Amino acid sequence: MKELIVSILRGAIERARAAGQLTAEIPSIGIEAPRDSAHGDVASNVALTIAKAERKPPRAIAEIIKSHVAMPAEVSEVSVAGPGFINFKMSSPYWHSEMRRAASDGRAFWKPRAWELHPGANERKKVQVEFLSANPTGPLTVGHGRNAVLGDTIARLYEAAGFDVTREYYFNDGGRQMKLLGESVRARYLQEHGIDAPLPEDGYQGEYIRDIARALKAERGDALVSVTDLEIFRAAAVKAIFADIKQTCTRLGIRFDVYTNELDLINAGLVEAVLKALRDCHLTFEKDGAIWLRGEPLGLPKDAVLVRSGPDRQPTYRTPDIAYHIEKLKRGFDLIVDVFGADHIAEHQEVVAAVKALGYDTTPIHAIIYQFVTLTRAGEKVKMSTRKATYVTLDELIDEVGADVVRFFFLFRKSDSQLDFDLELAKKQAPENPVFYVQYAHARLASIFREGAAKGLTLPADLSAVDLKLLGAEELDLAKRAVGLPEVMSAAAEALEPHRIPFYLLELAGEFHRYYNKPANRIIGPDRELSLARMYMAGILKDAIAGGLELLGVSAPERM
RNA sequence: GCGCCCGUAGCUCAACUGGAUAGAGCAUCAGACUUCGGAUCUGAGGGUUGGGGGUUCGAAUCCCUCCGGGCGCACCA
């Protein structure tokens, strides 16, 4: 639709120039859906944008362009409005054909369109989404949940658009925190055997550490009491915790294609190579026995340590991360999405700046930075901390409100807004809970078809037999709204803003509920032909909601 | 102190990336069931988009500044 309008406008401007009525260059033509539907289906602000170069009032320019518009059958009306907008109203036959396309394409229709994301691309683009990437030190928390759901939904969007998507989990199971984890498990293990072993300072206090220690005791008895090497404790913990993390992800419908371990990058010599390359570019210096990255030439607010001082000369987290991002670029991804919390933003800037300084094109790299999640129970904030045992795990949250609600709530907010997860609201099976509101609309639509079937009214196999001209303005508006969903999906994918989809679904559901509630709008009525036309529209609505929810990883129940 | 994010109706949030009269839900008040599912709907009130300045045809959106909140500012990740 937008392409059509753009080409119409381009043609009109072309003719106006040929006629000498316009002189300015043809600009890139801006197209938008007006907020107010009274302004038509599509609007353009070209006249406003070229007014200055043209040295004419925008409305006059708009009128000139309008006079040169060649109206195809798809368009029923062109008008100039407001400060100089050119508004287009699409004809009913156009909407009918869109509906027919939606109906015949079925599930394939309710997806983002690849050609809107990457116009002109003819090969299958490669996308990598790196998300979650939690080190295995404990169960996933509510905060991780937002990361996981955001990343997975971005992946779903691009997957649905036909891209070649890799979901990747980057982690480190070595290092300091892991040593602490091993020590914590060992302490608990010894305690299980009645030995007075204190948990280390800053050790992991969660109950899951005891569980791991108990499992170790059940498996190995007291064979490890005198073992001082932490490796076996660490390894047992990592194994158990990773299994737990994967299990939690599975409950949310999330899986990963690739797991990349920081240690593998180090062992492959890639981290050394990065250090050498940075040194060769004079971007490092030594101070206090450590190797530093120069902040100033990279436009960073401060210098940062790449390699720690001390006998083992361990790299900090950011050095392998630089190597990792270079590897990602080398793997040939057209789009790389990194999902992480606001606390990691400085690191990401450092990493990207360093990669760029080494001569790589970093434009494929995009970051989704989400703000923190707070949990509210009975109007009170729930405090969360991984180290202490006070946090609420993602598993507990899923237990309490269900996977559908968890996913929907995490997506129902712009990622750079803080997210307050209201447990009371999440559990309510009432219209103020957006998940139920949308799902209910779907269940209601499903019930129409059940009722229709019971009354012997079903859509014919040959859908072209249904006369869409019988539909009224209200029904057409509903269908328009539904048919606009793929465009919203495309925009959401392109902007990396999945929240647009749940908001759109909520509006669509609301519009349907309002329609449905009017007695005059009974879909199954005495007039068989009209009933079929309305069922046709209802089928599109149902598919739209189901398709939208599917993309969000939320179920679309037939009955509730 | 420095960097990033946020500030929109009493509350929780949108606003298609600079467009037309800033919109939803909740809460409040007043209404609608002979319903294909009332887990729904109709109506009303509620705003100087934190304050001030700037940019331009046009600003919640971009720039400057101040105020308020969050997150970072580790040889932890």
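Naming convention: chains lettered A, B, ... in sequence-line order (proteins, then strands); numbering from 1 in each chain. Values in this document were obtained by computation on a predicted structure and should not be read as measured data.
Side chain A:Y440 to base B:A39: no donor-acceptor pair is found below 3.5 Å. For A:N45 against B:G19, a side-chain N or O and a base N or O form a donor-acceptor pair under 3.5 Å. Taking 3.5 Å as the limit, the base of B:C75 and the side chain of A:S309 contain a donor-acceptor pair of atoms between them.
Remark on RNA chain B: of its neighbouring residues A:H513 and A:G82, the 5'-side contact belongs to A:G82, judged by nearest-heavy-atom nucleotide. Map A:F449 and A:Q349 each onto its nearest nucleotide of RNA chain B; the residue landing nearer the 5' end is A:Q349.
Separating the C1' atom of B:A30 from that of B:C67 is a span of 40 Å, rounded to the nearest Å. B:A59 and B:C75 have their C1' atoms separated by 46 Å, with the value rounded to a whole Å. Remark: the separation of the P atoms in B:G18 and B:A24 is 23 Å, to the nearest Å. One C1' atom belongs to B:A9, the other to B:A27, and the distance between them is 11 Å to the nearest Å. Atom name P, nucleotides B:C11 and B:U28: the rounded distance is 15 Å, in whole Å. On the C1' atoms, B:U49 is 14 Å away from B:C6, given to the nearest whole Å. Separating the C1' atom of B:G46 from that of B:U12 is a span of 16 Å, rounded to the nearest Å. Across B:U55 and B:C63, the matching C1' atoms stand 7 Å from one another, rounded to whole Å.
Applying the 4.0 Å criterion to OP1 and OP2 of B:U12, one finds that A:T376 has every side-chain N and O outside that range. Contact annotation: A:R500 does not reach the phosphate of B:C16 (side-chain N/O to OP1 or OP2, under 4.0 Å). Contact check, A:R413 against B:C13: a side-chain N or O comes under 4.0 Å of OP1 or OP2. Close to B:C41, at under 4.0 Å from its OP1 or OP2, lies a side-chain N or O of A:Y437. Side-chain nitrogen and oxygen atoms of A:K414 include at least one within less than 4.0 Å of the OP1 or OP2 phosphate oxygen of B:A15. In terms of phosphate contacts, A:H348 brings no side-chain nitrogen or oxygen within less than 4.0 Å of OP1 or OP2 of B:G3.
In this structure, B:U8 makes no Watson-Crick or G-U wobble pair, since no nucleotide meets both defining distances under 3.5 angstrom. Applying the Watson-Crick and G-U wobble criteria (two distances, each under 3.5 Å), B:G23 pairs with B:C13. When both pairing distances are held under 3.5 Å, B:U34 makes no Watson-Crick or G-U pair with any nucleotide shown. B:U28 is paired with B:A44 under the Watson-Crick or G-U wobble criterion, all donor-acceptor distances under 3.5 Å. Checking B:C71 for Watson-Crick or G-U wobble geometry (two distances, each under 3.5 Å) identifies B:G3 as its partner. With a cut-off of 3.5 Å on both pairing distances, B:U56 has no Watson-Crick or G-U wobble partner at all.
The aromatic ring of A:H39 sits over the base of B:A20, with ring centres less than 5.5 Å apart and planes inclined by under 30°. For the pair A:F436 and B:A39, the ring geometry does not qualify as stacking, because the centroid separation below 5.5 Å and plane angle under 30° are not jointly satisfied.
For B:U28, the O4'-C1' to base torsion is more than 90° from 0; the nucleotide is therefore anti.
A:S417 comes within 4.0 angstrom of sugar-phosphate atoms only, judged by non-hydrogen atoms across all strands, and of no base. No contact: A:P57 has no heavy atom under 4.0 Å from any strand. Among the heavy atoms of the strands lying under 4.0 Å from A:N87 is at least one base atom, whether or not backbone atoms are also near. Nucleic acid contact class of A:D303 (heavy atoms, under 4.0 Å, all strands): none.
Ion pairing of A:E451 with A:R444 is absent here, as no side-chain N (NZ or NE/NH1/NH2) approaches a carboxylate O to less than 4.0 Å. A salt bridge links A:K518 with A:E474: the closest approach of a Lys/Arg side-chain nitrogen to an acidic carboxylate oxygen falls below 4.0 angstrom. Salt bridge A:R176/A:D202: absent, no basic N to carboxylate O contact under 4.0 Å.
Surrounding CD of A:E32 are more than 12 heavy atoms belonging to other residues, nucleotides or ligands, all under 6.0 Å away.
Here the two rings, on A:F256 and A:F171, have centers that are 6.0 Å apart or farther.
For A:D416, whose side chain is taken as the heavy atoms from C-beta onward, the closest listed nucleotide among B:C6, B:A14, B:C16 is B:C6.
The only member of A:I86, A:I31, A:V78 that meets side-chain contact (heavy atoms from CB on, under 4.5 Å) when paired with A:I5 is A:I31.
Of the possible polar contacts, one joining the A:N433 side chain to the A:A426 backbone as a donor-acceptor pair under 3.5 Å is found.
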